[in-house]
Amino acid sequence: MAEKVVAALGLGSNMGDRKNQICMALDSLAMHPHISVSAVSALYETPPWGKADQPAFLNAAVLIETDLAPRTLLEAALGIERSLGRVRGELWGPRTIDLDILLYGAAEVDEPGLTIPHPRIHERAFVIRPLADILPGTEIAGQTVAAWLAVLDVSGIETAAAVGWYPVNHPD
Ligand code: X6L
Ligand code: MG
Ligand code: MG
């Protein structure tokens with residue numbers, strides 16, 4: 001078994017039953033034989049960024065441990081998106097579920113379709129607000145997540161709910 005890495009994923013949904021889809025994505029991660037879920041942020045209701053004329057999002061972040069390589073973890077994330085009915089249409093358009101790899105240990109990856117740390121992570125309050133729940137002290141682009149949160153505009157972001165999720169240990 002390869003070494004375990006702590007990774008952080010961002011989740012987002014603005015179509016259909018947003019909370020249910022985020023919970024289903026968390027369940028799918030937890031059920032994966034090579035992924036353990038260690039912590040989940042609160043759920044946040046966030047205004048749409050980038051393309052403003054679409055419904056509000058629910059966003060969350062999750063901390064996992066995995067021995068999957070970054071590319072394999074991406075494939076797992078895309079598979080979970082597909083299983084929850086994500087259809088890729090318009091760029092930055094509405095989606096049932098979005099699962100982004102934000103951090104993969106301290107690794108820097110820059111390959112076609114896979115850039116880690118996720119680019120412009122620290123400019124987006126909808127990413128940093130949930131990430132600050134689970135990794136406040138981790139440095140991104142020279143500042144801690146908590147420090148980025150303090151300088152970002154979080155107006156319009158509301159705590160929607162705690163997920164009430166708890167870790168499930170799968171047999172190794
Ligand atoms: C200028 C042009 C400034 C484009 C920003 C920002 C584009 C974010 C795309 C941008 C720009 C994105 C979510 C979202 C999206 C989400 C919320 C994206 C991709 N995903 N808004 N917008 N939550 N609240 O998960 O992140 S589309
Ligand atoms: Mg995204
Ligand atoms: Mg994505």
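Start at 1 with the first residue, then count along the sequence. Counting convention: from 1, in listed order, for ligands and their atoms alike. Just so you know, these numbers come straight off a predicted model, no measurement behind them.
Within D98, OD1 is the N, O or S atom that lies nearest to the Mg ion (ligand 3). Within D100, OD1 is the N, O or S atom that lies nearest to the Mg ion (ligand 3).
At a heavy-atom distance under 4.0 Å, only backbone atoms of P47 (N, CA, C or O) approach ligand 1. If you look at W92 next to ligand 1, the close heavy atoms, those under 4.0 Å, come from the backbone and the side chain alike.
In this structure a side-chain-to-backbone donor-acceptor pair under 3.5 Å is present from T96 to L84. Using a distance-only test at 3.5 Å, with no hydrogens or angles considered, no donor-acceptor pair links the side chain of R129 to the main chain of N59. Side chain of R95 to main chain of G93: a donor-acceptor pair is present (N/O by atom type, distance under 3.5 Å, no hydrogens or angles). Side-chain N or O atoms of T66 include one that pairs as donor or acceptor with a backbone N or O of H34 at under 3.5 Å. At least one donor-acceptor pair under 3.5 Å links the side chain of D133 to the backbone N or O of A42. Counting only distance, with no hydrogens or angles, the side chain of Q21 and the backbone of G85 share no donor-acceptor pair below 3.5 Å. Judged by distance alone, the side chain of E81 and the main-chain N or O of L99 form a donor-acceptor pair under 3.5 Å.
Taking atom 25 (O) of ligand 1 as the reference point, the nearest protein heavy-atom neighbour is N59 ND2, 2.9 Å. Nearest protein heavy-atom contact of atom 17 (C) of ligand 1 is F57 CD1, 3.4 Å. Among protein heavy atoms, the minimum distance from atom 22 (N) of ligand 1 is reached at W49 O, 2.9 Å. Looking only at heavy atoms of the protein, atom 5 (C) of ligand 1 is closest to G50 CA, 4.1 Å.
Taking the charged nitrogens against the carboxylate oxygens, K51 and E90 do have a contact shorter than 4.0 Å, which makes a salt bridge.
Classification of the W148-H122 ring pair by plane angle, with boundaries at 30° and 60°, yields tilted.
Not a single protein heavy atom sits closer than 4.0 Å to atom 3 (C) of ligand 1. By the definition of a contact as any protein heavy atom under 4.0 Å away, atom 9 (C) of ligand 1 is in contact.
In terms of polar-atom proximity, defined here as any N/O pair under 3.5 Å, Q54 makes no such contact with ligand 1. Between R124 and ligand 1, an N or O atom pair is found at a separation short of 3.5 Å. Between F126 and ligand 1, no pair of N/O atoms sits closer than 3.5 Å.
Using 4.0 Å as the threshold, K51 has no heavy atom nearer than that to any atom of ligand 1. Using a 4.0 Å heavy-atom cutoff, D98 is absent from the residues neighbouring ligand 1.
Screening V127, L9, L63 for a side chain to side chain contact (heavy atoms under 4.5 Å, CB included) with L102, the sole residue that qualifies is V127.
Atom numbering of ligand 1 starts at 1 in the shown order; those under 4.0 Å from a heavy atom of P48 are 21 (N), 24 (N).
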